[in-house]
Structure formats: C-alpha cells, structure tokens
Amino acid sequence: MTTTLDIPRTGFWPALRDAAAELIAPTRCGGCDAQGELFCAQCRAGLRASYDPERACPRCAAPQGALVCTECAQASFAFTQALVLGVLDGALARAIVIMKDSGEQRLAAELGDLLAARVALTWPDWADAVAYVPVTEAARRKRGFDQGRHIACALAACLQLPVGHFLTRPRSTDLRALNREQRRVEVAKSFKLGPDAQEARRYPRLLLVDDVFTTGATVQACSQLLIDAGATEVRVACLARTM
C-alpha cells in the first residue's frame, strides 16, 4: 500500500538531549575547535572564500567547471545537476571526519541546515521530496547513526519537504584501489531500492543527498535506481566535493 512521506521535524526529546550534552561538554566548532558553535562563522566564511558556486560546474559541482568542465565532459549521469557546500579540505573536511568518526549527530544536522540554504538559493522550490545515500548496516552500527539520513532530514525540515527511505545499501566494497570505471561497476552493485521507492512516482523530482561527492559513481548509481523507480529528474546535493 502506498503511503505519503512525512516532513521531518525537530522533536522535544532530541532538543532535551542536546541541551543536557551542552551542560556536560560545551559545543565546539567541528571545523576549528573554537568554543560556542558547531560550525562557527569564521569556518562558514572560509567555505565562501574557498568555493565559489558561480564558478563551479552546475552538472558535477567541480570547483572551476562553470564554462568548461574537464571532470564530467565525458561522463554520463542519471542526475541532471549537482551542488556542494565546498571542497573536501580544511574546516569542512575536519567537520565531516568528526561527524562520521566521532558520531557527532548534531554536526550532521548543522551541516544539513547549511546545505539546505545552498539548495534554496540555487534551486528554489524545485524538489518534491528528498532521498539520501544510505550507509551499510555495519557502518550504521559502528557510528551509531546514518549520517546521510541525518543530513537529509535536517535539510528536508528546513525546506519543508518530505524525506523517504528510497534506497538501501546491503553491501559495500573498498573502492580506494579502483579506477573510475571500476568504481562505477562496483558501486552499482551496492545499492537497491528501499521501502519508499514506490513513492518516486508520487514525488517525481527527487533531491538526492550525500556527504561527499568523489567521482560521482555513488550518486550516479543511486540516481539511476531512482529514475528506474519512476522519478522524472534527480538532482544531487552533497556537503563536500573532492578536488
């Protein structure tokens, strides 16, 4: 039976938990360790200084590809456009490592809010719903949470969009020693449609959220599955992009 997706909202108990954590260990910036904010104003300014969306490739978000992009000129993607907050370097890279390796769920929500602002500015009122690139069950148990889902829920709440479990990731492969084509083949085997996949026909314009855009193999594989499920267009929003 088809169900309607829900728009995520911040609840009372998570807010209470965060307040208690603040008393025990005051917030420090994930980018520079300064006390007071999860991602401070100075680190946000650094993002703007190091990555100019106007100069980036609108198709794959490469930093200098607005006119001619050598990164994706020969690539074929199922998604039509991509955007990121910045390059995977400096404060942003440090914050993402802390989020994933230290289980800092609040940082996932903070960065998700920043990504929502970028999406709202670049693609205002475009998406019907939000999908996300999930982690494997083993990774979720190790970290204590699925960072893709947390980022997506924060973004969806800001944009007042429903978020769904469109994809699952039953397996994962170590891709570090593989070239671009090998990555594409292996990643395509790692994902399957999730329990909300039937909703792609009800919400045909899907915004796919992930933490890092590397070669594009992961978001390509996920986008193709979403198109196969009935989405008419997929766009990609990630926290960071490798150089």
Side-chain angles (χ1 to χ4, degrees), residues 31 39 43-96 111-133 147-148 151-152 155-156 158-159 161 167 175-176 178-188 191 204-227 231-243:
F39 201 70
C43 288
R44 295 184 191 204
L47 286 182
R48 293 190 291 270
S50 62
Y51 184 87
D52 183 356
E54 296 296 324
R55 295 185 178 182
C57 173
R59 187 162 174 254
C60 76
Q64 302 297 327
L67 297 178
V68 177
C69 183
T70 58
E71 291 287 324
C72 70
Q74 304 302 318
S76 177
F77 294 138
F79 58 90
T80 58
Q81 298 183 53
L83 60 76
V84 299
L85 283 178
V87 295
L88 187 65
D89 192 21
L92 183 57
R94 184 177 187 273
I96 291 173
L111 295 175
D113 289 350
L114 292 177
L115 188 58
R118 175 64 53 82
V119 169
L121 183 64
T122 308
W123 303 323
D125 301 319
W126 174 80
D128 296 316
V130 177
Y132 59 91
V133 176
Q147 76 271 3
I151 296 165
L155 178 146
C158 287
L159 299 179
L161 291 172
L167 301 161
L175 305 175
R176 287 172 293 185
L178 304 183
N179 62 33
R180 186 182 293 267
E181 179 59 20
Q182 290 170 329
R183 274 176 171 260
R184 184 190 66 79
V185 172
E186 288 302 315
V187 167
F191 296 94
R205 296 179 302 176
L206 289 177
L207 179 64
L208 177 63
V209 173
D210 198 10
D211 53 4
V212 178
F213 188 120
T214 306
T215 64
T218 295
V219 288
Q220 160 59 23
C222 292
S223 297
Q224 187 61 63
L225 282 172
L226 296 173
I227 294 293
T232 58
E233 185 180 359
V234 178
R235 296 183 187 181
V236 171
C238 298
L239 297 182
R241 197 192 193 289
T242 56
M243 296 292 285

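- No side-chain heavy atom of S223 sits less than 4.5 Å from a side-chain heavy atom of F77.
- One distance of note links SG of C158 with CG of L115; it measures 9.5 Å at 0.5 Å rounding.
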Residue pair V130, V209: steps toward the side chain to side chain contact (heavy atoms under 4.5 Å, CB included) verdict:
CA-CA 7 Å; V130 177; V209 173; 3.8 Å; yes
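- Every residue two or more places apart in sequence or in another chain was checked for a ring-ring contact (aromatic ring centres under 6.0 Å, His included) with F213, and none qualifies.
- Of all heavy-atom pairs spanning R44 and F39, the tightest one is NE-O, 3.0 Å.
- With hydrogens and angles disregarded, no donor-acceptor distance shorter than 3.5 Å links the side chain of R241 to the backbone of G86.
- Shortest non-hydrogen contact noted between G31 and A95 is N-CB, 4.3 Å.
- When all heavy atoms are compared, the tightest approach of A56 to Y51 is CB-OH, 3.2 Å.
- Here the closest heavy-atom approach between residue E54 and residue A66 is recorded as O-CB, 3.5 Å.
- Between F191 and V133 the shortest side-chain heavy-atom distance falls below 4.5 Å.
- Two residues are said to be in side-chain contact when any heavy atoms from C-beta on lie closer than 4.5 Å; I96 and V212 meet this criterion.
- A donor-acceptor contact shorter than 3.5 Å links the side chain of Q220 to the backbone of A78.
- Atom CG of L226 sits about 11.0 Å away from atom OG1 of T232, to the nearest 0.5 Å.
- Note that CG of L85 and OG of S50 are 10.0 Å apart. Values are rounded to the nearest 0.5 Å.
- Under the salt bridge (Lys or Arg N to Asp or Glu O under 4.0 Å) criterion, D52 pairs with R55, sequence neighbours left out.
- Contact check for L208 versus F79: no side-chain heavy atoms found under the 4.5 Å cut-off.
- Side-chain contact between L167 and L225 is present, with heavy atoms from C-beta onward closer than 4.5 Å.
- Residues D128 and L161 are not in side-chain contact: their nearest non-hydrogen atoms beyond the backbone lie 4.5 Å or more apart.
- With values rounded to the nearest 0.5 angstrom, L239 atom CG is found 9.5 Å from L88 atom CG.
- With L83 as the partner, the side-chain contact (heavy atoms from CB on, under 4.5 Å) test is satisfied by one option alone out of T122, V236, L207: T122.
- From E71, atom CD reaches atom CZ of R59 across 12.0 Å, with rounding to the nearest 0.5 Å.
- Taking 4.5 Å as the limit, every side-chain heavy atom of Y132 sits out of range of all side-chain heavy atoms of I151.
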